[in-house]
Amino acid sequence: MDVIEVLKTGMSTELWGMRFYEQAAARTADETGKAVFQSLVKEEQSHLDIICGQYAAVTAGEGCVSVDRAKELAKTVDPMAIFPEAATAEELIPAEFTDEQALQMAMDFEQRGFDIYTTAAAGAQAGDVKEMWGFLAKAEDKHYAFLQETLEYLTTNGVWYFDEQELPFFEG
């Protein structure tokens with residue numbers, strides 16, 4: 001896949017991830033669980049901004065740009081114009097799903113994103129392109145690990161867990 005196609009795939013992945021986490025936050029009664037999903041919405045939005053900015057730069061002939069430059073350019077691309085179906089996403093999490101099942105679905109989303117970005121990084125020729133995909137793959141991997149730890153805690157103790165000391169993990 002060329003850079004444009006990978007950017008579009010990444011954009012779609014981040015959009016659907018955001019929608020998923022918004023729905024998960026809305027349906028989770030536990031306040032700590034809500035906080036987990038809301039923090040992931042913010043993370044996915046940040047990734048989407050980077051991808052939109054890179055898309056703007058690449059389609060304008062600039063090539064891949066720094067993360068800061070990508071964030072500056074992010075507002076010039078409307079991902080909903082590219083993927084309008086994401087704006088009207090139906091219920092992504094079946095009503096009968098437990099919190100544990102929703103977390104497993106979230107882990108699957110993160111794994112797909114990680115696989116896309118890792119494959120793109122491996123195939124990238126230019127260092128800046130490889131760096132961008134590596135950055136996004138690492139972020140998806142962190143999300144996966146966090147979700148996995150949350151799932152393990154939830155399944156072993158029966159309650160949501162979010163250690164305030166881990167908060168900077170998602171704030172950076």
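We number each residue from 1, following the sequence as shown.
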Donor-acceptor pair, distance only, cut-off 3.5 Å: does the side chain of E110 make one with the backbone of D141?
no
Closest non-hydrogen atom pair, M18 against L48:
SD-CD2, 3.9 Å
Is it the case that over 12 heavy atoms from other parts of the model lie below 6.0 angstrom from the CD atom of E131?
no
So, do W133 and L7 sit near enough that their side-chain heavy atoms are less than 4.5 Å apart?
yes
Does K142 pair with E43 as a salt bridge, N-O distance under 4.0 Å?
no
Please report the shortest heavy-atom distance between M11 and P79, naming the atom on each side.
SD-CB, 3.8 Å
Going by heavy atoms in the side chains, are L103 and F97 under 4.5 Å from each other?
no
Please check if atom CD in Q125 has more than 12 non-hydrogen atoms from other residues, nucleotides or ligands closer than 6.0 Å.
no
Using a 3.5 Å distance criterion without hydrogens, assess whether the side chain of K71 forms a donor-acceptor pair with backbone atoms of I50.
no
Identified side-chain contact (heavy atoms from CB on, under 4.5 Å) partner of Q104 from the options L147, L151, T98
L151
Parallel, tilted or perpendicular, as decided by the 30° and 60° cut-offs, for the rings of F135 and H47:
perpendicular
With a 4.5 Å heavy-atom cut-off, do E62 and Q54 have their side chains touching?
no
Side chains of E96 and Q101: does their closest heavy-atom pair fall under 4.5 Å?
no
Identify the two heavy atoms, one from V58 and one from C64, that lie closest to each other, and give their separation to 0.1 Å.
CG2-N, 4.0 Å
Are the side chains of V77 and I51 in contact, using a 4.5 Å heavy-atom criterion?
no
Filter on salt bridge (charged side-chain N to carboxylate O under 4.0 Å, His left out), then keep only pairs touching residues 73-83, sequence neighbours left out; what's left?
none
Without swapping roles, check the side chain of S46 against the backbone of K42 for a donor-acceptor pair under 3.5 Å.
no
Going by the angle between their ring planes, with limits at 30° and 60°, are F37 and F20 parallel, tilted or perpendicular?
perpendicular
N/O donor-acceptor pair under 3.5 Å between T59 side chain and A56 backbone:
yes
Which residues satisfy the salt bridge (charged side-chain N to carboxylate O under 4.0 Å, His left out) test with R112, sequence neighbours excluded?
none
Do the side chain of S12 and the main chain of K8 share a donor and acceptor less than 3.5 angstrom apart?
no
Here the pair of heavy atoms bringing E5 nearest to D2 is N-OD1, 2.9 Å
